[in-house]
Amino acid sequence: MTRYSDELIDEIRNNNDIVEIVSQYVALKRSGRNYFGLCPFHNEKSPSFSVSQEKQIFHCFGCGIGGDVFRFIQKMENIDFREAIQMLAEKAGIVLPTLENDKDNKMLELKSKVYEINNIVATFYHEKLYLSTSKIAQEYIKKRKLDNNTLKTFSIGYSGNYDEIYKLLKQKGFSDEEILASSLVNKSSNGRYFDRFKNRLMFPIKDVKDRVIAFGGRVLDDSKPKYINSPENIVYSKGRQLFGLNVAKRSGKRQIIIVEGYMDAISLYQRGITNVVASLGTALTEHQGRLLRKYAEKIIIGYDSDGAGQAATLRGLEILQNLGYDIRVLQLEGAKDPDEFVIKFGSRKI
Ligand SMILES: [Zn+2]
């Protein structure tokens, strides 16, 4: 089989109500027979984006875009038709047959290998943190007062001083192509393989499904750069993920605090505030705002109190307002970021 059958595509469409799917991205209000909201595909102040439950289609009177649930997901997630089928099939619990001779299929396979690699390496770094040879990382952890529960919850780890990831992954049977696709290993011009992260405290970045999609690494001394992150690759694109959402969603509260960096999120978690995510970079994106819709109505912005943080707060406010959230801004008087704030004043003030 080289393509999915029309019957199968119909079945997937019938099992994904368009109003329900669109609602995961856009705040919709019923008006007569249709639902209306602010168009996610163009900038507008009054809603001209409509969804018809009866016809199972959407249409924007502002920019003219429209179509069925597949089209919506394609545009929204920036994916092709086949990926939209796969995504909606998964949502509906429909198992798809494997397609043959297919380069998209190969891409999917490479993606799943990279997830596997990320998972193996996250575990490797995490276990390394507990070894007697990792004193420098353990001292930092102690200084930051991170307990074992926090280390386990965020799978915090340590990348040592030596190139070891390539060898580790080769032993597990991964190909060079798969290893390089993970961005955890680089290849020099003379053909040598070396680790991207060395002598850093490691923070796996996970998606909502708990899959490791990237890593951040922090230095343990004063060297620069202080933080490095995985570059964008086949499983990771910046601005489309929120660090800690996999943990924050379990808090069961319908409100979420957004902070800038992973140390802020982890530090708040350590002090009992578990509904925190980090936007991984200063400016919150629209996509990140939409990701939260499933888990929260109320959002608290807790960015740094410096100039860049203030600018990011204003930008975030605008994005979140347009998405219809109830928003609060955390005033951090006497501290430069949430991390320093809870260390100085404790968590009750937040
Ligand atoms: Zn539009």
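Numbers here simply count residues along the sequence, with the first being 1. In each ligand, atom 1 is the first atom listed, and ligand 1 is the first ligand listed. Predicted, not measured: the structure shown is a model, and the values here were computed from it.
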Asker: Under a 4.0 Å threshold between the charged nitrogen and the carboxylate oxygen, would D222 count as salt-bridged to K224?
Answerer: no

Asker: Check the angle between the aromatic planes of Y125 and F197 and answer parallel, tilted or perpendicular using the 30° and 60° thresholds.
Answerer: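 Ring orientation, 0 to 90° scale: perpendicular.
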
Asker: Where does the angle between the aromatic ring planes of F41 and F58 fall among parallel (under 30°), tilted (30 to 60°) and perpendicular (over 60°)?
Answerer: tilted

Asker: Between F81 and F70, is the ring centre distance below 6.0 Å?
Answerer: yes

Asker: Near the Zn ion (ligand 1), which protein N/O/S atoms fall under 2.8 Å?
Answerer: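 Short answer, with waters excluded from the count: C39 SG, H42 ND1, C60 SG, C63 SG.
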
Asker: Would R293 count as a cation-pi partner of Y325, with NZ or CZ less than 6.0 Å from the six-membered ring centre and within 45° of the ring normal?
Answerer: yes

Asker: Report yes if the distance between the aromatic ring centroids of Y262 and Y227 is under 6.0 Å, otherwise no.
Answerer: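 Aromatic pair counts; centres sit under 6.0 Å.
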
